[in-house]
Every structure is written in structure tokens, then in C-alpha cells.
Amino acid sequence: MAHRVLAFNRPEWLGVNFIDTYFRKGLYPLKEFPAQIGSEAAGTVFALPTDPAVLNDPKFQRLGFKVGSRVVIVNYVNVPWLSTYPIPDSVDTRTASASLSSGLTALTFVEEAYNVQPGDTVFVHAVAGSFGLLLTQIAKHKGAIVIGTTSTEEKAKLAKENGADHVILYTKEDRLPGGEGVNVIYDGVGKDSFDANFEFIKRKGTLVSVGNSSGANVRLLRPVDKGLETTFATADEQYEYGTRLWDLVTKGVFKIRVYQEYPFTREGVIQTQKDITSRKTVGKLLIKVE
């Protein structure tokens with residue numbers, strides 16, 4: 001299949017995602033060892049596919065790939081072109097790496113998992129994380145009221161700056177939304193929050209399980225082994241959502257926050273895993289490849 005892939009030059013940035021810890025801990029089984037658990041990188045194209053069927057495919061051609069193109073990917077170093085997103089001139093590689101996984105996930109979750117409508121009440125657990133902030137921004141962009149949970153006053157302030165209308169400090173209060181309940185809950189916490197969700201979800205509301213940071217509670221049917229490669233299984237889906245993501249980033253609807261940059265060293269990578277599980281981070285963790 002090598003004739004059908006893009007050869008990716010040494011990445012400039014590597015994105016760190018919480019799902020990496022699920023693979024590392026064995027919550028999501030790895031198929032073989034040695035194994036790659038990180039899957040998000042931004043850099044340049046080194047070589048194009050050689051298969052004429054790919055090169056002549058209009059859906060490949062519209063992406064404008066050429067040697068030297070700046071791209072962000074969900075797998076590396078030799079990657080299928082369907083896993084590769086060209087970066088427009090309006091977005092730098094650092095921002096692209098920080099926005100791809102969380103941005104695409106947030107965008108699909110407010111449309112496909114539950115189609116957020118103006119006036120809906122949206123509840124976001126871990127609202128100040130990289131994914132939570134982008135989910136809040138896009139939900140507000142669609143006209144929703146956003147309620148979130150977080151652990152500190154500093155995180156609550158950041159969440160409100162990014163559009164959250166109300167923030168609950170779960171470390172200090174046990175106050176849940178009243179009334180008829182919320183339209184949708186996005187829960188990336190898992191075991192510690194799952195049962196409580198049913199106390200404040202609206203009748204016929206929607207609960208979207210987006211992660212298990214506190215541990216798995218229920219085993220849901222979920223295609224986790226390929227991540228975004230499963231979510232965007234066709235060239236049209238990739239093109240549509242990739243184009244919309246960069247438009248939202250360029251227009252400032254998605255405001256990308258990088259928590260910290262780490263060196264591409266053994267110590268640096270270990271520190272990313274410690275930090276991302278500490279519940280102290282806000283925004284994206286990136287590894288700088290130099």
C-alpha cells in the first residue's frame with residue numbers, strides 16, 4: 001500500500017491527547033508491541049503517492065497536496081491521504097496540531113452526536129480542558145446555553161471567558177442544574193460522573209460519552225482503535241469537516257489555547273503524561289520536535 005500514501009517529513013509539532021493515556025493504561029487495548037500511542041502531528045509532505053488511481057482521483061486533487069505542503073495528520077509517518085489534512089495559509093502548524101483532534105471532535109459532536117440548536121442547554125464536564133473549551137465555543141456559536149464543571153476558580157474563569165454561562169466547581173459544591181433538565185450532556189469524566197448525569201438530564205435528552213478520565217463505568221460500543229479515521233471514513237467527510245474546522249479557526253470561533261510546549265525527549269514525553277492526568281492543565285499540550 002506504500003504507493004497510496006503520503007510520506008511525511010519529520011513533524012514540527014506533536015499533539016498530546018487524553019486518549020493517549022487510555023492506550024498507555026490498557027483501557028483501550030493495543031494490538032501489538034512496540035506500539036505508537038500518539039497520533040497527531042503537523043509538518044510537511046516529503047513525497048506523494050505514486051498510484052495513478054490516487055493521483056487522478058478528483059477527491060485527492062482538490063486537497064492540493066504537493067511536496068512541501070504543510071499538513072496535519074491523525075497518524076504518521078507514512079499515512080493514507082484520507083488521514084491527512086492540508087493546512088491553509090491562514091493557520092500555522094502549531095495551531096493546526098493543537099486544534100485538529102479536539103476541534104474536529106467538538107464540531108462533529110455538536111452536529112452528529114447531538115445537533116445543538118439555539119436555546120438548547122448544553123452541559124459539559126471538564127469544561128476547561130482542551131476539548132471542553134472548544135466544545136463550549138462551538139456550542140455558544142450555535143446559540144446554546146452552556147453549563148460546565150471544573151475543579152478550580154481559575155479554570156472556571158477561563159471557561160467563562162470562552163463562553164460558558166455557568167460553571168460548577170465540583171470540588172466545592174454539589175449543585176446540579178434544576179428545572180426540566182439539560183438537552184445534552186457531554187461527559188468526558190466517566191465513572192465519577194456517569195450516574196449523576198441522569199439526575200439532571202431532560203426527559204428524552206441526550207447523554208454523549210466522550211471519555212473516561214476517572215475510569216470506565218460502562219462499556220459502550222465505540223470504534224476507538226482508529227479514532228478520527230473511523231469518524232471520517234470517506235474523502236467527502238474529511239474534506240467537509242476539515243474545511244469547516246480551518247474556517248472556524250481562521251474566523252476566531254475556535255480560539256486555540258496551548259497550555260504548554262514540551263521538548264521531544266524521553267523526559268519531555270513522560271512529563272506530558274504526568275501533566276495531562278494531573279487535572280491541572282487547561283488547553284492543549286504540544287511536543288515541539290527540533
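- In this structure, Tyr186 has its ring center at least 6.0 angstrom away from the ring center of Phe123.
- A distance-only check finds no donor-acceptor pair linking the side chain of Ser69 to the backbone of Val45 [under 3.5 Å].
- The minimum heavy-atom distance between Gly205 and Ile201, with the atom names listed, is C-CD1, 3.8 Å.
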(request) Start with the C-alpha gap between Asp187 and Val210, add the side-chain angles, then the distance that decides, and say whether side-chain contact (heavy atoms from CB on, under 4.5 Å) holds. (result) CA-CA 6 Å; Asp187 186 0; Val210 300; 5.5 Å; no

(request) For Asn162 and Leu158, run side-chain contact (heavy atoms from CB on, under 4.5 Å): C-alpha distance rounded to whole Å, both residues' side-chain angles, the deciding distance at 0.1 Å, then the answer. (result) CA-CA 6 Å; Asn162 282 267; Leu158 177 64; 3.5 Å; yes

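- With rounding to the nearest 0.5 Å, the separation of CG in Leu107 from CZ in Phe109 is 11.0 Å.
- The two residues Phe254 and Ile138 make their nearest non-hydrogen contact at CE2-CB, 3.7 Å.
- With values rounded to the nearest 0.5 angstrom, Leu169 atom CG is found 5.0 Å from Glu153 atom CD.
- Listed by chain and number, the residues in a side-chain contact (heavy atoms from CB on, under 4.5 Å) with Asp89 are Arg70 (sequence neighbours excluded).
- Proximity of Pro86 to Phe65: side-chain heavy atoms (C-beta onward) are separated by under 4.5 Å at one or more points.
- The side-chain hydrogen bond (donor to acceptor under 3.5 Å, both in side chains) test applied to Asn183 returns no partner, not counting sequence neighbours.
- For the pair Glu12/Thr44, a side-chain contact is recorded, criterion being any heavy-atom separation below 4.5 Å from C-beta on.
- Asn115 approaches Asp120 most closely through the heavy-atom pair O-OD2, 4.1 Å.
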(request) Run the numbers on Val289 and Leu14 for side-chain contact (heavy atoms from CB on, under 4.5 Å), then give the verdict. (result) CA-CA 7 Å; Val289 181; Leu14 306 178; 3.8 Å; yes

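- The hydrophobic clustering, which links ILVMFWY residues whose side-chain heavy atoms are closer than 4.5 Å, places Leu207 and Phe200 together.
- Residues satisfying the side-chain hydrogen bond (donor to acceptor under 3.5 Å, both in side chains) criterion with Lys66, sequence neighbours excluded, are absent altogether.
- Side-chain atoms of Ser102 never come within 3.5 Å of backbone atoms of Ser99 as a donor-acceptor pair (strictly under, hydrogens ignored).
- Nearest heavy-atom pair, Gln137 versus Lys255, reported as atom, atom and distance to 0.1 Å: OE1-N, 2.7 Å.
- Val124 and Gly132 get closest at one heavy-atom pair: CG1-CA, 4.1 Å.
- Atom CZ in Arg62 sits 8.5 Å away from atom CG in Asp57 (nearest 0.5 Å).
- The cluster map of Ile, Leu, Val, Met, Phe, Trp and Tyr, joined by side-chain heavy atoms under 4.5 Å apart, puts Val258 and Leu135 in different clusters.
- In summary, of the residues considered (Leu104, Thr243, Leu63), a side-chain contact (heavy atoms from CB on, under 4.5 Å) with Tyr85 occurs for Leu104 alone.
- Rounding to the nearest 0.5 angstrom, the gap separating the CG atom in Asp20 from the OG1 atom in Thr272 is 7.5 Å.
- Contact annotation: the side chain of Lys202 never approaches that of Val182 to less than 4.5 Å [non-hydrogen atoms, C-beta and beyond].
- Each salt bridge (Lys or Arg N to Asp or Glu O under 4.0 Å) pair with one or both residues in residues 95-111, not counting sequence neighbours, appears once here: Glu111-Arg244.
- Between Glu261 and Arg94, some side-chain heavy-atom pair lies under the 4.5 Å cut-off.
- Partners of Ala159 by side-chain contact (heavy atoms from CB on, under 4.5 Å), not counting sequence neighbours, listed by chain and number: Val127, Ala164, Val167.
- Within the 4.5 Å cutoff, side-chain heavy atoms of Thr121 are placed close to those of Ile147.
- Counting all heavy atoms, side chain and backbone alike, Ser97 lies closest to Gly15 at OG-N, 3.5 Å.
- Residues in residues 132-143 take part in these salt bridge (Lys or Arg N to Asp or Glu O under 4.0 Å) pairs, two or more places apart or across chains: Lys140-Asp165.
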Show me the donor-acceptor pairs, under 3.5 Å and distance only, between side chains in residues 264-271 and residues at least two apart or in other chains.
from	atom 1	to	atom 2	distance (Å)
Thr265	OG1	Gly268	N	2.9
Gln271	NE2	Asp275	OD1	2.8

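- Separating the CG atom in Leu245 from the CD atom in Glu240 is a distance of 12.0 Å, to the nearest 0.5 Å.
- Residues satisfying the side-chain contact (heavy atoms from CB on, under 4.5 Å) criterion with Glu154, sequence neighbours excluded, are Thr152.
- Residue Leu134 is not grouped with residue Trp13 when hydrophobic side chains (ILVMFWY) are merged at heavy-atom distances under 4.5 angstrom, including chains of intermediate members.
- Cluster note: Ile145 groups with no other residue, as no ILVMFWY side-chain heavy atom lies under 4.5 Å from it.
- Remark: Tyr114 engages no residue in a ring-ring contact (aromatic ring centres under 6.0 Å, His included) (not counting sequence neighbours).
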Side-chain atoms of residues 280-288: list all donor-acceptor pairs with protein atoms under 3.5 Å, sequence neighbours left out, distances to 0.1 Å.
from	atom 1	to	atom 2	distance (Å)
Lys284	NZ	Asn17	OD1	2.5
Lys284	NZ	Glu40	OE1	2.8

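- Every residue meeting the side-chain contact (heavy atoms from CB on, under 4.5 Å) condition with Gln61, not counting sequence neighbours, appears here in chain and number order: Asn56.
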(request) Show the numbers, then the answer: is there a side-chain contact (heavy atoms from CB on, under 4.5 Å) between Arg24 and Gln273? (result) CA-CA 9 Å; Arg24 177 171 56 80; Gln273 297 297 295; 2.8 Å; yes

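- Using a 4.5 Å cut-off on side-chain heavy atoms (C-beta onward), Val72 and Thr93 make no contact.
- Side-chain atoms of Tyr239 and Lys59, non-hydrogen and from C-beta on, never get closer than 4.5 Å to each other.
- Separating the CG atom in Leu248 from the OH atom in Tyr241 is a distance of 11.5 Å, to the nearest 0.5 Å.
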